[in-house]
Amino acid sequence: MAGYRKDTAAFFNNFGGGTLAGARTALLAGLDAGTAYFNIHTSAFPGGEIRAFPERVPEPASLLLGALGIGALLLSRRGRRRL
């Protein structure tokens, strides 16, 4: 695992069983449980610049709502032309 930080390698070994597939499964389980935590470090802020508890976004539902909104706009424009 050359090129990975020490804590990334530790995540692979401790939570993922040493494999990328296992680490992905552990990360997704953490996202679902609300326990996944990201802390992005930079040279300006070595203790962590960006910290967050990310959540999964239900994208298909967002796309459906967007499509319904566009459809409603098109129908409202169509109704105005008849008047």
Quick one: does [X]'s side chain get under 4.5 Å of [Y]'s, heavy atoms only?
X     : Y     : answer
Phe38 : Arg51 : no
Asn39 : Tyr37 : yes
Leu73 : Arg77 : no

To the nearest 0.5 Å, what is the distance between [atom1] on [X] and [atom2] on [Y]?
X     : Y     : atom1 : atom2 : value
Ile40 : Phe45 : CD1   : CZ    : 13.0 Å
Leu75 : Ile70 : CG    : CD1   : 12.0 Å
Leu20 : Thr25 : CG    : OG1   : 9.5 Å

* Kindly give the heavy-atom pair with the smallest separation between Pro54 and Ala36, and that separation in Å. => CD-O, 3.5 Å
